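First up is the structure itself, then whatever we jot down about it.
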Amino acid sequence: NFYKTNPTKEKLNNLSIEETHQNNAASVGSSRNSENAEPIVSTDNLPGTSQAPAQTVASTLSASLPQQQQNPTFRIRSRTAAINEHLASQSENFESLDYDVCENVLFQKEQERISSTRFSLRKDILRWIIFIQIGIITALIACAIDIVIEELSSLKYEFLKHSVDINVPHQDNPVGDLAIPYLYWLGLSMLPVALGAAMVTYIEPITAGSGIPQVKSYLNGVKVPRIVRIKTLAVKSIGVITSVVGGLAGGKEGPMIHAGAVVAAGISQGKSTTFVKDFRIFKAFRDDHEKRDFVLGGAAAGVAAAFGSPIGGMLFSLEEAASFWNQNLIWRTLVASIISSFTLNIVLSAYHGLGDFTFTGLFNLGKFEQPLTFEYYELPIFMIFGITGGLLGALWNMLNTKINKFRSRFIKFKFGKVMEAVLVALIGVSLACTMIYFINDCRPLGNDPTDYPTQLFCEDNEYNAVAALWFQTPEATVRSLFHDPPGSHKILSLTLFTLIYFLLSCFTFGLNVSLGVFIPTALVGAAWGRLVAMVAYYVFPTAAFLNPGKYALIGAAANLGGVLRMTISLTVILMETTGIETSFFFPLIITLISAKWVGDYFNEGIYDIQVKVNHVPMLPWEPLPHYMGLKASNIMSSPVVCIKLRDKSKYIYDILNRYKHNGFPVVDDVEGNDRSKGRVCGIILRSQLIVILLKSLYEEKKRFWINETSIQTFRDVYPRYPSIDNVRMHDDKVNYTVNLDIFMNPSPVCSREHDSVQKIFNKFRALGLRHLIVVDKENRVSGIITRKDFLYK
Ligand code: ATP
């Protein structure tokens, strides 16, 4: 929808091909094929397109244009070209992963060895063992985070309740001083939030937010820097504890998914680059392809631990995260999820001293005592809930994006980012206190589900229902809204609570703290869902079907669908976390689909918006609409920087210094020195070339290294490959020859110039490619295509 046709884009599309090309020539990366048309991306409604910098680029560009080019049409084109250039340069920090296995001679030798022995079976067993370990360790981390949050939160709210009780005006203390608990509350919120925000800001900024957009990008094939490091996991875990204990409007579920991904990436590699420790195990899994599969299992295990939903975990990975699937992977992912959920259940049940295993996940929404039923005439009501959720979700996403743009423009200093988080904590506590102070919503003690019933100004044997909403973690409040008996809240208190939480969560997501968006979204939905049921019951007192708990659940589903735009996995997660019957699947899915369709009309889900805001070059499921009808020749880069099958070390060294590209076609049958038109024999990666130069794997010295060099030589430096700056090209080495025969990937994926973009996009996405070489009918290089060419041309 961000690429929906708009008037500006239509104008742009009507421009002549040649004119358009002239302006885009300065665009992404290398030089372009001048005969070919280049489409223009209208980024006018791109979320995260920072208009100001783009406009600056555009105005600088048009200022330098000759007079005849100062007409309106030309200016539009210039601006578009400038925006493309700006977006492409923003995305330059992101490299791609190689899902396509490099089947070079060294790899084939290893395969021969494996197939001739029992290695293959051994590798398979090891793979299963790793997936099981991922499940167990992810669950243990989830348990540790949960227990710390629970203990610290109960200490905090018990203390605050006690402070309110002794400072509220009563007979023995007629004046009282409610400022004291207010100040305590402020301190107990601002301090942990400041600590968490400082850690995220100063130690590891990638841990800000939920982590799901980053994991999604990684699984899509984008190498997001530092996303799967141990340091990231440590900061994320402490960050999420401090934010939840500080009472920010967020939850721990998103960060758990990120934690699962880090665990998977760490365990599967059998080494820690942070601690410079190589355990010399799992060496065969040291490549992007294997690692990405494990990360997928880790993300699923994280969902399973967070929601106690193993099937939901696997479906989440399928629906939201994974770009590539096969049957074996589904099995392994499911097993990791089941193990994770089971381990969490055992540990938390043991911790809480329960005989029966009831703690299936961190996100415990409680089981509905009565089976949830529905009448067929309620189906339109569920749809209306879904539509409302879609509208509110789209509004939330739009507001949140605008707030985050404002942030990135005006809050640049690190200290300012920490202070902003503290300010939001302060505002949250102040709003909650004002609400508790001014709204007199007293309910009789007895069947209250809250852990800390606070009397405040209520009569004896009564508790303040507003305080009950705020004096607990957001997750416990969702549980209360689902299960509180009818008549537990006033319409006014729920209305204000919904409004405040809607805005608070909108301001919170995007702060420099580790927090997920799932719980606040479910909470806002549960609050308005329950509110609507209460108002409807007030108007139609005979309508017995208006069970507030049931409509709180439907409201939560609608709001989640509107913000996140997930359907299948969300339905299953909600069913597994509340233990409702399968017959209620229908109302949930109707609500979620309506919410998604309506929301999709206005904007994308919040995770996708975040991906775009950060300029991550993530490939969509389909090519962008304006690429339709184009050919490979329209989007490829040409001339291509190529390397000869046997080339001089100095040439390779110079190329690597001069160009930032990560892949180079390997060619032979070169006319003169023009390698760019050579006949394709393979492709070689920058990382491989650096290893070759560093280890002096020259043809002339072959007899010294040939026996010691294997595929393992390259895996040993994975994933943090040395840079070309580490290579010293001494004079005695300049004339050595590098023979790429055994190192290059001899079967690169190629396409013809006239192949449609749709076709090459499908190839690119299905195979998880990083580079696609375009060849002519004699198999000579015509151009090269990378993922950025599908996004910024
Ligand atoms: P990635 O960053 O995805 O890991 P990469 O660094 O090789 O791969 P990109 O940064 O995506 O490539 O490429 C930027 C631009 O350079 C793209 O337009 C691409 O077509 C072009 N390009 C990539 N490799 C070459 C090459 N060897 N010769 C010429 N142009 C190239």
Side-chain angles (χ1 to χ4, degrees), residues 21 24-34 36 38-39 41 81 84-100 102 217-218 220-225 287-288 292 323 615-619 627 630 632-644 647 651-652 654-667 674-678 680 682-690 718-719 721 723-724 740 744-745 748-751 753 757 760-761 764-765 767-775 780-793:
H21 176 69
N24 272 356
S27 193
V28 200
S30 66
S31 56
R32 301 276 185 263
N33 187 345
S34 59
N36 298 319
E38 294 207 355
V41 183
N84 286 348
E85 191 180 352
H86 173 68
L87 284 175
S89 70
Q90 294 273 336
S91 69
E92 250 175 27
N93 299 338
F94 299 102
E95 289 182 358
S96 306
L97 298 166
D98 278 302
Y99 205 62
D100 187 29
C102 168
S217 311
Y218 184 90
N220 185 275
V222 182
K223 205 182 278 178
V224 183
D287 66 47
D288 285 346
R292 186 141 53 132
S323 297
H615 305 290
V616 180
M618 194 165 115
L619 285 183
Y627 280 79
L630 295 179
S633 55
N634 298 129
I635 65 164
M636 70 189 190
S637 294
S638 170
V640 183
V641 183
C642 300
I643 294 178
K644 285 198 285 189
D647 224 327
Y651 177 81
I652 295 178
D654 288 345
I655 285 291
L656 293 180
N657 268 309
R658 184 154 2 134
Y659 299 99
K660 282 187 181 167
H661 305 311
N662 280 301
F664 302 92
V666 178
V667 292
D674 185 11
R675 295 168 175 80
S676 68
K677 289 275 172 243
V680 176
I683 191 163
I684 188 96
L685 294 178
R686 174 185 199 83
S687 54
Q688 291 173 303
L689 290 171
I690 294 178
Y718 177 83
Y721 294 110
S723 105
I724 188 64
L740 294 174
M744 69 177 183
N745 178 355
V749 180
C750 297
S751 270
E753 286 181 30
V757 168
I760 51 173
F761 180 88
F764 207 90
R765 205 158 189 326
L767 299 175
L769 299 183
R770 191 175 184 184
H771 301 96
L772 183 140
I773 306 175
V774 183
V775 291
R780 289 185 182 278
V781 181
S782 293
I784 191 163
I785 292 175
T786 67
R787 65 170 54 227
K788 286 165 204 159
D789 297 319
F790 290 108
L791 297 170
Y792 305 118
K793 280 191 172 173

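Indexing begins at 1, ligand by ligand and atom by atom, following the structure's order. Here the structure is a predicted model, which is why all the values come from computation and not from measurement.
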N/O of Gly663 under 3.5 Å from N/O of ligand 1, yes or no?
yes
Sub-3.5 Å N/O-N/O distance, Asp789 and ligand 1
yes
Under 4.0 Å from a heavy atom of Thr786: give me the atoms of ligand 1 that qualify, with their elements.
9 (P), 11 (O), 12 (O), 13 (O), 17 (C), 19 (C), 23 (C)
For ligand 1, indicate whether the residue Pro639 contacts it via side chain, backbone, both or neither (heavy-atom separation under 4.0 Å).
backbone
State the atoms of ligand 1, each with its element, that fall below the 4.0 Å cut-off from a heavy-atom position in His771.
5 (P), 7 (O), 8 (O)
Pick one of side chain, backbone, both or neither for how Met636 approaches ligand 1, counting any non-hydrogen atom pair under 4.0 Å.
neither
Of all heavy-atom pairs between Val616 and Val222, which one has the smallest distance, and what is that distance?
CG1-CG1, 3.7 Å
Polar proximity ligand 1 side, Ser96 side, N/O cut 3.5 Å exclusive
yes
Contact (N/O only, under 3.5 Å) between Phe664 and ligand 1
no
To the closest 0.5 Å, what do you measure between NE2 (His661) and OG (Ser637)?
7.0 Å
Please find the pair of heavy atoms, one from Ser751 and one from Ile760, that lie closest to each other, and give the distance.
OG-CG2, 3.0 Å
Within the 4.0 Å heavy-atom shell around Glu95, which atoms of ligand 1 are there?
2 (O), 4 (O)
Exam field: side chain Arg765 to backbone Leu619, donor-acceptor pair closer than 3.5 Å
yes
Name the orientation class of the two ring planes belonging to Tyr627 and Phe790 (parallel below 30°, tilted from 30 to 60°, perpendicular beyond 60°).
tilted
Under 4.0 Å from any heavy atom of Val640, which atoms of ligand 1 are there?
26 (C), 27 (N), 28 (N), 29 (C)
Keeping Asp288 on the side-chain end and Asp98 on the backbone end, is there a donor-acceptor pair under 3.5 Å?
yes
Cation-pi between Arg675 and Tyr651: NZ/CZ under 6.0 Å from ring centre and within 45° of the ring axis?
yes
What do we get for Asn662 next to ligand 1 when only non-hydrogen atoms under 4.0 Å count, side chain, backbone, both or neither?
both
Is ligand 1 under 4.0 Å from a heavy atom in the side chain of Lys223, in the backbone, in both, or in neither?
neither
Nearest non-hydrogen partners of Pro748 and Asn745, listed with the distance:
CD-O, 3.6 Å
